[in-house]
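Below, each value reflects all heavy atoms present in this structure, side chains not excepted, and no hydrogens, waters or symmetry copies.
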Amino acid sequence: RLGASYRLGPELEIPGYGCEDHFLENDTFAHCWESLVMILESGVTDEMLCDLGMPVLFCGVRYNCRVLVRCRKILLIRPKVAMADNG
């Protein structure tokens with residue numbers, strides 16, 4: 001860490017950007033939440049704001065989101081507002 005207080009990860013870093021058709025499977029969303037829990041429980045977010053990319057399923061709609069976490073807590077989930085031309 002070397003004193004860093006903010007970590008910015010790439011878009012959809014938790015599942016991996018090339019998920020393609022897997023975004024149509026609910027398992028992808030469940031596994032992302034499981035991975036996020038593991039990250040939070042590991043303590044790597046203690047005293048560091050981490051900005052992670054992952055898909056979120058909310059009310060049956062799939063979103064490409066930024067999830068901001070710190071001190072083992074989710075602070076904010078923000079969906080992407082501008083999508084690429086292909087989806």
Side-chain angles (χ1 to χ4, degrees):
R1 278 205 274 211
L2 301 175
S5 59
Y6 177 69
R7 181 216 177 261
L8 172 63
E11 182 177 13
L12 297 174
E13 74 176 311
I14 290 180
Y17 196 83
C19 282
E20 307 212 358
D21 290 342
H22 293 290
F23 286 114
L24 302 176
E25 300 172 12
N26 289 338
D27 277 358
T28 300
F29 296 88
H31 293 308
C32 286
W33 284 109
E34 291 168 357
S35 296
L36 181 59
V37 167
M38 289 174 48
I39 291 167
L40 294 173
E41 290 177 345
S42 74
V44 297
T45 67
D46 291 352
E47 305 306 320
M48 183 185 307
L49 179 62
C50 296
D51 185 341
L52 308 167
M54 69 177 258
V56 173
L57 183 63
F58 181 71
C59 294
V61 179
R62 293 161 173 83
Y63 295 95
N64 176 352
C65 294
R66 302 305 304 171
V67 180
L68 277 70
V69 297
R70 185 172 189 268
C71 294
R72 303 177 192 224
K73 294 181 180 164
I74 297 171
L75 303 176
L76 173 77
I77 299 175
R78 184 175 192 289
K80 187 174 180 179
V81 293
M83 299 300 288
D85 289 337
N86 63 356

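- Cluster membership for I39 and V67, using ILVMFWY side-chain heavy atoms within less than 4.5 angstrom, is shared.
- When every heavy atom of V44 is checked against every heavy atom of C50, the shortest pair comes out as O-SG, 4.4 Å.
- The two residues I14 and S35 have their closest heavy-atom pair at CG2-CB, 3.8 Å.
- I74 is connected to L52 through a chain of hydrophobic side-chain contacts under 4.5 Å among Ile, Leu, Val, Met, Phe, Trp and Tyr, so both are in one cluster.
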**OP:** Please step through side chain to side chain contact (heavy atoms under 4.5 Å, CB included) for the pair K73 and L40, ending with a clear verdict.
**Re:** CA-CA 7 Å; K73 294 181 180 164; L40 294 173; over 6 Å; no

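- You'll find the side chain of C71 reaches within 4.5 Å of the side chain of E47, heavy atoms only.
- Closest heavy-atom contact between M54 and P15: CA-CD, 4.2 Å.
- Here the closest non-hydrogen pair linking M48 and Y6 is CG-N, 3.9 Å.
- Looking only at side-chain heavy atoms (C-beta outward), L8 and E13 stay at 4.5 Å or farther from each other.
- In this structure, the separation between CD1 on I77 and OH on Y63 is 12.0 Å, given to the nearest 0.5 Å.
- The CG atom of N26 sits 5.5 Å away from atom CG of L57, with the distance rounded to the nearest 0.5 Å.
- For CZ of R72, the number of neighbouring non-hydrogen atoms (other residues, nucleotides, ligands) closer than 6.0 Å is greater than 12.
- Using a 4.5 Å heavy-atom threshold, the side chains of D51 and R70 count as separate.
- Taken from CZ in R66 to NZ in K80, the straight-line distance is 9.5 Å, to the nearest 0.5 Å.
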